[in-house]
A.B. asks: 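Can you read through this structure? Questions will come right after.
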Amino acid sequence: SLDIQQQLTELRQQLTYHGYRYYVEDNPEIPDAEYDRLMQQLLAIEAEHPEWVTTDSPSQRVGGTPLNGFSQIKHEIPMLSLDNAFDDEELKAFEKRLLDRLPTEQQVTYCGEPKLDGLAVSLMYENGVLTQAATRGDGTTGENITTNVRTIRSIPLKLRGDDWPARLEVRGEVFMPKAGFDALNERALKKGEKTFANPRNAAAGSLRQLDSKITASRPLSFYAYSVGVVEGLELAPSQYDRLLQLKGWGLPMCPEIRPLNNIEAVIAYYQDIGERRGSLPYEIDGVVFKVDTMSLQERLGFVARAPRWAIAYKFPAQEEMTV
Ligand SMILES: Cc1c[n+]2nc(N)[nH]c2nc1OC(C)C
């Protein structure tokens, strides 16, 4: 009947909106009890009418039966790694290498992004709906972890608005915030279960679960950092503006990402993030600097395994806490 279907659509929109406010903006509009009440209503109607359930329904976060294994996915565009810099000299050499390949008067601006210490994943959205998620793997072939990624509440099952491309591949880092990591290890200790050495291992271990109910119980999050496959729409011509587009479609974007006008701003940004590293709510192992203009990225291309147009400027390894 219409009014029940209408109620279903209304509930889905409300839960998607409030889920976004809570998990992506970290700024909920309604109390958790109210969110749970709406979810119970949705589950009740979907239980009555299973034929009306859609894959992008807010109720479809936690998968069904555990998998026997992960199928392989071949990335349409390889997911490459990054060259590293460990001091200002190596950063300047990076800049020199790219300036040598551009017209002399070319002004190069950059996009600065904290390099989260998590797991790189690829999300495929088709007609705005999340259809597939894969690990980076060896850069060419990854594991299909769609059911596990769907349990990450900050990853939208459906993009916001309607001005997105027909096919959009979003690449980013799945990570475990420090607070969630500490709470998880505390619970594990109390239960005599094994603890994780660091948030990166905890995120990787949580994504590699064959039972997505376990993944759903882990405090995972996600920040987008680039685009792979795009079909059906021309995206903004700069890295920073593309990330703002992804944010507009409901994908989380690290709040520390900045456009940087020159290499001096790059070094200042690296020093600023380095000073605040300990107080960030997530672990990072460096800062990634990318040439911001996409046409220059295309012109600079890649060497063997990493782009000429990006560098990860790493921090010294954090002295391990002695327990
Ligand atoms: C591997 C990687 C990792 N990260 N992390 C950020 N923040 N940006 C970024 N870009 C990457 O690769 C670019 C070549 C897209």
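Both backbone and side-chain heavy atoms feed into the values below; hydrogens, waters and symmetry mates do not. As the structure lists them, so they are numbered: ligands from 1, and atoms in each ligand from 1. As the structure is a computational prediction, the values presented were derived from the model and not from experiment.
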A.B. asks: Looking at Q107, I want to see if its CD is surrounded by more than 12 non-hydrogen atoms of other residues, nucleotides or ligands under 6.0 Å.
C.D. replies: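 No, because the 6.0 Å sphere around CD of Q107 holds 12 heavy atoms or fewer from other groups.
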A.B. asks: Under a 4.0 Å heavy-atom cut-off, what residues line ligand 1?
C.D. replies: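 Close residues (ligand 1, cut-off 4.0 Å): L80, L82, E113, P114, Y225, S226, V288, K290, P307, W309.
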A.B. asks: Any ion pair linking E34 and R37 (charged N to carboxylate O, less than 4.0 Å)?
C.D. replies: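 Salt bridge between R37 and E34, a charged N being under 4.0 Å from a carboxylate O: yes.
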A.B. asks: Any pair with a residue in residues 191-246 that passes ring-ring contact (aromatic ring centres under 6.0 Å, His included), sequence neighbours left out, goes on the list, sorted by first then second residue, please.
C.D. replies: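 Checked against ring-ring contact (aromatic ring centres under 6.0 Å, His included) - neighbours excluded - the pairs reaching residues 191-246 are F175-Y223, Y223-Y282.
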A.B. asks: For F86, what residues pass the side-chain contact (heavy atoms from CB on, under 4.5 Å) criterion, not counting sequence neighbours?
C.D. replies: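 Result, side-chain contact (heavy atoms from CB on, under 4.5 Å) vs F86: N84, E90, K314.
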A.B. asks: Below 3.5 Å, can you tabulate the donor-acceptor pairs from side chains in residues 110-126 to any protein atom, sequence neighbours excluded?
C.D. replies:
residue	atom	partner	partner atom	Å
E113	OE1	K290	NZ	3.0
E113	OE2	Q239	NE2	2.6
E113	OE2	K290	NZ	3.3
S122	OG	E169	OE2	2.6
Y125	OH	P156	O	2.7
E126	OE1	T131	OG1	3.0
E126	OE2	R167	NE	3.0

A.B. asks: Counting distance only, does the side-chain N/O of R160 pair as donor-acceptor with the main-chain N or O of G250 below 3.5 Å?
C.D. replies: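 Between the backbone of G250 and the side chain of R160 there is no qualifying donor-acceptor contact (under 3.5 Å).
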